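In what follows, a single structure is set out as C-alpha cells and then discussed.
In this chain, residues are counted from 1 in sequence order. Since we're looking at a predicted model, the values are computed, not measured.
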Amino acid sequence: MSYSLTLSAIKQILKKYKLLITTNIQDDDYTVVEKLSYDSRNIDEKTFFICKGIGFKDDFLKAAVDNKALGFVSEKYYEEYVDTVPFVQVNSATKALSVLAIYYYQRPSESFFLTGITGTAGKTTTTYMIHSIFNANAGKETGIISTNETYCGTVHKEAENTTPESLKLQELFSEAKENDIPYVTMEVSSQAYSVNRVYDQTFDIGIFMNIDKDHIGGSEHPSYEHYRNCKLELIKNSRTMLVYSRTKELDLILETASESDCNLILFDVDDTDSNCGHEETIVTFDGIRTISELQKKLGRQLDVYKTTQFKSLGSRGYSFTVSTPIKGDFEFTTNLTGFFNLVNATAAVTAAFEANVCVSDIRKGISNVFVPGRMNIYNSDKSVIIVDYAHNRLTLEEFLKSIEHDYSDYTVNIVIGAAGKNHLRREDIGKLCGTYAHHLYLTEEDPDFEDPEEICEDIARFIPECHATYEIITDRESAIKKAINDNRGKKALIAILGKGSERFSKFKGTHIPYKSDSVVVEENI
C-alpha cells in the first residue's frame with residue numbers, strides 16, 4: 001500500500017500541533033510527498049527530509065538537498081534555502097516527525113487494540129504475557145514491539161531500540177493494519193517520551209509497572225525527576241491505565257491521572273486479609289491505604305484487581321487466583337517462575353479482562369509463555385542455570401530475592417557485568433550480587449568505550465567484605481563456560497545476568513555479533 005502527504009497538508013499538520021514557526025510553503029501547494037526520511041542517504045525527489053538528532057550536522061541537510069529532497073523540516077532557520085527548497089521551521093523536529101509519521105500512515109493504530117507497558121522492571125515479560133493471551137484470543141500471532149523483537153504480521157525482526165523511532169513505529173503499525181492484526185502490545189520506554197517517539201500516540205491500555213532510579217546520566221535522562229516525568233506521560237496518553245499499587249510515586253501517579261480522563265485501575269498481589277473492617281484497602285509502597293482515600297485523590301471511581309491466593313509449583317511456575325471488581329474470582333496458572341513474574345502475570349490478566357478477553361483465552365495464553373532471555377531455565381546434572389536480563393537495581397533485587405527463596409539450598413554463582421555508560425549500576429551490582437551470591441564471575445557487558453577490566457574492578461569495589469568471592473574474566477563466553485565447568489556435579493545455581501537473548505555486544509560504538517548467553521549455555525551444558 002502506498003502512502004503520501006501534500007506539502008500543504010504538512011504545513012497544516014504542523015500548524016495544528018503548534019509546532020510551526022515559519023515556512024515558505026503556500027496553503028495551496030498540493031505537491032505530493034511520497035516518502036519521509038531523516039537519513040540524508042535515503043533521499044529522492046519525492047522525499048521530505050526531517051533534520052533531527054543530537055548529532056545532526058548542516059552537511060546532512062546539504063546532502064539531502066543535493067539528492068533532490070522535495071523539502072525539509074528543521075528547528076534551525078536556513079536562509080540559503082528560503083528561495084529554492086520548500087521548508088518548515090519548527091520548535092521540535094522530533095515532535096514534527098512523530099505527527100507527520102502518524103498522518104502519513106493514516107493513523108494506523110486506530111485499526112487495532114494497542115497496549116503499552118512502561119516500568120523500570122517487568123516491561124518485556126509483561127509484554128510477552130499479554131501478547132500470548134492476545135494470540136490465544138485472536139487464534140493467530142498478534143503484534144509485538146519489545147526490547148527483543150518486533151513483529152506486526154510480516155516478519156520477526158531483532159529490535160534496535162526498546163521503542164522504535166516514531167517513523168519506524170508508525171510503519172510497523174501500518175504493517176499491522178495491512179495484515180489485519182487485531183492487537184499490538186509494546187514496551188514504552190522513558191526514552192521514547194524523552195525524544196518524542198510516541199508523541200501524540202494514544203494507547204487503549206497503558207500499564208505502569210514500577211519505577212526506580214535508572215537510565216540517568218549520559219545521553220539518557222539528566223535527573224530522576226526527568227526520568228519519572230517521562231514515564232508519567234503514558235498516563236496522559238492512555239484510555240485505561242493500570243498501575244501496580246506498590247510502585248513508588250503512587251500519589252504523583254494519582255495526581256497525574258486526575259488531570260486526565262483515563263480510567264485508572266490498580267492491581268496487586270496480596271494473599272493476606274489487609275482490609276480494615278468493612279473498608280477495602282490495598283498495599284502500597286507507603287503501607288496499607290484505603291481505596292476511598294485513593295479515590296478521593298483521584299477524584300473518581302478506582303477499580304482494583306488482586307491476586308488473592310497463589311501457590312508456587314516449583315519449576316512449573318505458579319497457580320494463582322485473581323479477584324476482579326465485577327466478574328468475580330478466577331483461577332489461572334503460569335509457567336514462569338519467580339514471585340516478580342506473579343506480579344507481571346497479574347498485570348497481564350488485568351489487561352486482558354479490561355480488553356474483554358474471555359477467561360478461557362486468558363487461561364490458555366498465560367499458562368504457556370516464553371520470553372527470550374528472561375528466566376530461561378536449564379538443568380545440567382545437579383546444577384540449575386538461569387539466563388535472565390536482570391541488570392539494574394530493581395530487576396536484580398527482585399531476581400535475587402526470588403532465587404534465595406526458590407533455591408535456598410543451592411550455592412549461588414552469578415555471571416554479570418555492567419554497561420560502559422552507566423556508572424550508577426556498578427555499586428548496585430556489587431552490593432546486591434555480592435550479598436546474595438557465593439561466587440561472582442565478573443565479565444563484560446557492552447563496555448562501549450570503557451575498559452571491561454576496569455568496569456569489573458569497579459563493581460568488585462562494592463562487594464561487601466566477608467561475602468561473595470569473585471574473579472574477573474573479561475571475555476563473556478569464557479566466563480559463562482568457566483562458571484558451568486566449575487559447578488558440574490554440584491548442587492549449584494548459576495545465574496547469567498544482564499544480556500538475556502541479546503545477540504550483540506557494544507564495543508567502541510559498534511555492535512559486535514555475539515552468540516547470546518542462551519546459545520553459549522546450550523552449547524556447554
K140, NZ atom: more than 12 neighbouring heavy atoms under 6.0 Å | yes
Decide yes or no on salt bridge (Lys or Arg N to Asp or Glu O under 4.0 Å) for D251 and R289, but give the supporting numbers first.
-> CA-CA 11 Å; D251 283 321; R289 300 172 71 175; 2.9 Å; yes
Has E225 got more than 12 heavy atoms of other residues, nucleotides or ligands less than 6.0 Å from its CD?
-> yes
How would you list all residue pairs meeting ring pair (Phe, Tyr, Trp, His ring centres under 6.0 Å) that involve residues 135-186, not counting sequence neighbours?
-> F112-F173, F134-Y183, Y151-H156
Test E187 against every option in T118, T147, T126, T127 by the side-chain hydrogen bond (donor to acceptor under 3.5 Å, both in side chains) rule and name the one that passes.
-> T147
Cation-pi check, K52 to Y38: give yes when NZ or CZ is under 6.0 Å from the six-membered ring centre and within 45° of the ring axis, no otherwise.
-> yes
Flag side-chain contact, heavy atom, 4.5 Å: L70 against E34 = no
Hey, is CD on Q301 packed in by over 12 heavy atoms from elsewhere, all under 6.0 Å?
-> yes
Between CG of D448 and CZ of F507, what distance do you get to the nearest 0.5 Å?
-> 9.5 Å
Quick one: pull up CG in D200 and CD1 in I102 and give me the separation to the nearest 0.5 Å.
-> 4.5 Å
Go through the structure and list residues passing side chain to side chain donor-acceptor pair (under 3.5 Å) with T350, not counting sequence neighbours.
-> none
Spell out, as yes or no, whether a donor-acceptor pair under 3.5 Å connects the side chain of T334 to the backbone of I366.
-> yes
Do F399 and M375 come close enough that some side-chain heavy atom pair is under 4.5 Å?
-> yes
With sequence neighbours excluded, tell me which residues meet side chain to side chain donor-acceptor pair (under 3.5 Å) with D180.
-> none
Below 4.5 Å, heavy atoms only, C-beta onward: do T124 and Y128 meet side chain to side chain?
-> yes
What do the steps show when you test Y305 against E354 for side-chain hydrogen bond (donor to acceptor under 3.5 Å, both in side chains), and what is the final call?
-> CA-CA 10 Å; Y305 287 76; E354 288 298 312; 2.7 Å; yes
Do V99 and Y199 pass the side-chain contact (heavy atoms from CB on, under 4.5 Å) test, and can you show the C-alpha distance, the side-chain angles, and the key distance before you say yes or no?
-> CA-CA 7 Å; V99 296; Y199 179 74; 3.6 Å; yes
Please answer whether the main-chain N or O of K236 pairs with a side-chain N or O of S260 as donor and acceptor at a distance below 3.5 Å.
-> no
I would like to know whether K68 and D44 meet salt bridge (Lys or Arg N to Asp or Glu O under 4.0 Å); could you show each step before the answer?
-> CA-CA 6 Å; K68 310 298 183 186; D44 60 30; over 6 Å; no
Hey, what's the ring geometry for H511 with F504, parallel, tilted or perpendicular (30° and 60° as the breaks)?
-> parallel
Are I144 and M186 side-chain neighbours, meaning at least one heavy-atom pair lies under 4.5 Å?
-> no
Hey, does V33 have a side-chain heavy atom less than 4.5 Å from the side chain of T47?
-> no
What distance do I459 atom CD1 and I416 atom CD1 have between them, rounded to the nearest 0.5 Å?
-> 7.0 Å
Could you tell me the separation between the CD1 atom of I235 and the CG atom of L252, rounded to the nearest 0.5 Å?
-> 7.5 Å
Criterion salt bridge (charged side-chain N to carboxylate O under 4.0 Å, His left out) against R426, the qualifying member of E454, E450, E445 = E450
If we only count heavy atoms from C-beta on, is the I181 to E141 side-chain gap below 4.5 Å?
-> no
Among K499, R425, K506, whose salt bridge (charged side-chain N to carboxylate O under 4.0 Å, His left out) with D446 holds?
-> K499
More than 12 heavy atoms of other groups within 6.0 Å of K297 NZ | no
Assign the ring pair H391 / Y389 to parallel, tilted or perpendicular, where the plane angle (0 to 90°) is split at 30° and 60°.
-> tilted
Derivation and outcome, salt bridge (Lys or Arg N to Asp or Glu O under 4.0 Å), residues R476 and D517 = CA-CA 9 Å; R476 191 172 182 92; D517 290 349; 2.9 Å; yes
Donor-acceptor contact present, side-chain S8 to main-chain D27, <3.5 Å = yes
Of all heavy-atom pairs linking Y514 and E502, the shortest is CD2-O, 3.7 Å
Would H131 and T142 count as a side-chain contact (heavy atoms from CB on, under 4.5 Å) if you check the C-alpha gap in whole Å, the side-chain angles of each, and the deciding distance to 0.1 Å?
-> CA-CA 7 Å; H131 175 63; T142 59; 3.3 Å; yes
With a distance cut-off below 6.0 Å to the six-membered ring centre and an angular limit of 45° from the axis, does R107 pair with Y105 as a cation-pi contact?
-> no
Apply salt bridge (Lys or Arg N to Asp or Glu O under 4.0 Å) to the pair E158 and R503, showing each step before the final yes or no.
-> CA-CA 9 Å; E158 189 168 352; R503 292 185 291 178; 3.2 Å; yes
Within a strict 4.5 Å, meaning less than it, do heavy atoms of the V65 and Y81 side chains meet?
-> yes
Do T240 and D204 touch side chain to side chain, with heavy atoms closer than 4.5 Å?
-> no
Let me know which of T395, N148, N344 forms a side-chain hydrogen bond (donor to acceptor under 3.5 Å, both in side chains) with R374.
-> N148
Show your working on side-chain contact (heavy atoms from CB on, under 4.5 Å) between K306 and I282 and close with a plain yes or no.
-> CA-CA 9 Å; K306 281 186 186 179; I282 195 164; 4.0 Å; yes
Is it true that the side chains of D58 and Y78 contain a donor and an acceptor less than 3.5 Å apart?
-> yes
